[in-house]
Amino acid sequence: VLYIGIVLCFFLPAITEVPFDQRETTKVVREVIKAASQSYSWLAPVFHITTLLLVALLVTQGRRFGRIFYAYFAVVFALICLSNNIAVTERYGFVVILGNLVPMAIVSFLWVWEAREPRHDGALSRLPTWRYWVIPFAILAFGFPANHDGQLDLNPLLLLTSDYGVFFCPTAPVALAILSLLYPRVNGVLLGATSLVGTVFGVFNAMTLFLDPDYPVWMFILHIPLILVSVCGLLLPRLVRSPPGDARPLGIGCPQTAS
């Protein structure tokens, strides 16, 4: 029921101060994303540095920092939920992208709930080699090498200043990659719901390449980590044996909005 509800939430209409044609939803989302980038990009180095420290602590002392891992991403997803979906834009005035905000809010709530009482600790253990395939994609999402026009940018400073931590699409693959490496010692509902939301956002952004001639091909490529790592999160319960009740299979839907 939860997963069906999440999918249905993607179809909630955007609320704008200035009325608009629903066929312009993608343009409305772009305006909000642009406003968020201008307002919150200065926080990116904080998210990058904090994440690097957290990963180092998980690798070396995971059992002591598992709760902090969940709490950190709970805060990050909560900030992303609000900043990516509520803004004052030049063209549409005050805007709330409900179709994105509600699914992100559900994800944030689940991370908060897990941080209150983690089902398992954050200790990383030795895994079969194939399980580590998510790491290069997490690194690509973390660096997210693109400029403000969505074109390739190989500036090494992006390892500290990219959109990771500021927007959902580059942030979710990193969180999900860590969860996948902890699996099956994670909350299956948390993994499933976050993966479902990531998959829907990733698929929609991929579809935008074919629906919008102005959509940069490089942005499509940079959303591949979101799609692949999210789908991996959906399939892990079928690929890896897990403790009873830790994970459940779920379905995938398509949204009307993007992040």
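Heads up: numbering here begins at 1 and tracks the sequence. Just so you know, these numbers use all the heavy atoms, side chains as well, and skip hydrogens, waters and symmetry mates.
- Considering all non-hydrogen atoms of both residues, A206 and I227 come closest at CB-CD1, 4.0 Å.
- The 12-atom threshold is exceeded at CG of L152, counting heavy atoms of other residues, nucleotides or ligands nearer than 6.0 Å.
- Under the 4.5 Å side-chain heavy-atom criterion for Ile, Leu, Val, Met, Phe, Trp and Tyr, Y40 and V46 are members of distinct hydrophobic clusters.
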(Q) Checking F69 against L182 for the side chain to side chain contact (heavy atoms under 4.5 Å, CB included) test, could you report, in this order, the C-alpha distance in whole Å, the side-chain angles of both residues, the deciding distance, and whether it holds? (A) CA-CA 12 Å; F69 160 68; L182 291 172; 4.0 Å; yes

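- Between atom OG1 of residue T171 and atom CD1 of residue I80 there is a gap of 3.5 Å, rounded to the nearest 0.5 Å.
- A single hydrophobic cluster is seen to contain both F210 and M219, as judged by linkage of ILVMFWY side chains at heavy-atom distances under 4.5 Å, directly or through other members.
- Atom CH2 of W130 is surrounded by more than 12 heavy atoms from other residues, nucleotides or ligands within 6.0 Å.
- Annotation: the span from I4 atom CD1 to C9 atom SG amounts to 12.0 Å, rounded to 0.5 Å.
- Using bins of under 30°, 30° to 60° and over 60° for the plane-to-plane angle, the ring pair Y215/H223 lands in the tilted bin.
- A side-chain hydrogen bond (donor to acceptor under 3.5 Å, both in side chains) with R30 holds for exactly one of T25, D212, D214, T208; it is D212.
- Interatomic distance, OH of Y72 versus CG of L53, reported as 9.5 Å (0.5 Å rounding).
- Applying the 6.0 Å contact sphere to CH2 of W218 captures more than 12 heavy atoms from other residues, nucleotides or ligands.
- No side-chain heavy atom of N84 sits under 4.5 Å from any side-chain heavy atom of N100.
- F94 places none of its side-chain heavy atoms less than 4.5 Å from the side chain of T16.
- Using a 4.5 Å heavy-atom threshold, the side chains of S37 and F167 count as touching.
- Closest non-hydrogen pair, L222 versus P145, comes out as CD2-CD, 3.7 Å.
- Residues I97 and L101 form no side-chain contact, since every pair of their non-hydrogen atoms from C-beta on lies 4.5 Å or further apart.
- Cluster annotation: V76 is connected to L57 through the hydrophobic network of ILVMFWY side chains, with a link wherever side-chain heavy atoms come within less than 4.5 Å.
- Between Y164 and H48, the ring-plane angle classifies as perpendicular under the 30° and 60° cut-offs.
- Note: F77 and F73 have tilted aromatic rings, judged against thresholds of 30 and 60 degrees for the angle between ring planes.
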Q: Would you sort out whether V96 and N85 count as a side chain to side chain contact (heavy atoms under 4.5 Å, CB included), showing the intermediate values?
A: CA-CA 6 Å; V96 179; N85 301 299; 5.7 Å; no

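- The closest donor-acceptor contact from the side chain of R67 to the backbone of R116 lies under 3.5 Å.
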Q: Output, in order, the C-alpha distance, side-chain angles, deciding distance and verdict of side chain to side chain contact (heavy atoms under 4.5 Å, CB included) for I135 and Y132.
A: CA-CA 6 Å; I135 294 178; Y132 295 101; 3.8 Å; yes

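- Side-chain contact between F20 and R91 is absent, with no heavy-atom pair separated by less than 4.5 Å.
- Considering every non-hydrogen atom in both L181 and L127, the closest pair reads O-CD1, 3.2 Å.
- Here the side chains of V95 and E31 are not in contact, with every heavy-atom distance at 4.5 Å or above.
- Within the model, atoms CG of L234 and OG of S195 stand 5.0 Å from one another, a figure rounded to the nearest 0.5 Å.
- With values rounded to the nearest 0.5 angstrom, S180 atom OG is found 12.0 Å from F137 atom CZ.
- The main-chain N or O of F142 is found under 3.5 Å from a side-chain atom of S162 such that the two form a donor-acceptor pair.
- The hydrophobic cluster containing V29 does not contain V18, counting ILVMFWY residues as joined when their side-chain heavy atoms lie under 4.5 angstrom apart, directly or transitively.
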Q: Go through the steps for N205 and F220 under the test side chain to side chain contact (heavy atoms under 4.5 Å, CB included), then give the verdict.
A: CA-CA 7 Å; N205 275 280; F220 165 79; over 6 Å; no

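- Counting only heavy atoms from C-beta outward, the side chains of L176 and S230 approach each other to under 4.5 Å.
- Closest approach of V88 to A35, counting heavy atoms only: O-CB, 4.2 Å.
- Taking the six-membered ring where the residue is Trp, W111 and Y70 present tilted rings, their angle falling between 30° and 60°.
- I106 pairs in a side chain to side chain contact (heavy atoms under 4.5 Å, CB included) with only one of the listed residues (L196, L2, T194, V197), which is L2.
- Residues F204 and F10 place their aromatic rings such that the two centres sit no closer than 6.0 Å.
- A distance of 5.0 Å separates CG in D149 from CG in N147, rounded to the nearest 0.5 Å.
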**Q.** D21 and K27: CA distance, side-chain angles, deciding distance, salt bridge (Lys or Arg N to Asp or Glu O under 4.0 Å) verdict
**A.** CA-CA 10 Å; D21 187 325; K27 295 180 180 179; over 6 Å; no

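- For V189 against L110, the heavy-atom pair with the smallest separation is O-CD1, 4.3 Å.
- Under the 4.5 Å side-chain contact rule for hydrophobic residues, I33 and L158 do not share a cluster.
- Closest heavy-atom contact between P225 and A141: CB-CB, 4.3 Å.
- Side-chain contact between V55 and V174: absent, with no pair of heavy atoms (C-beta onward) separated by less than 4.5 Å.
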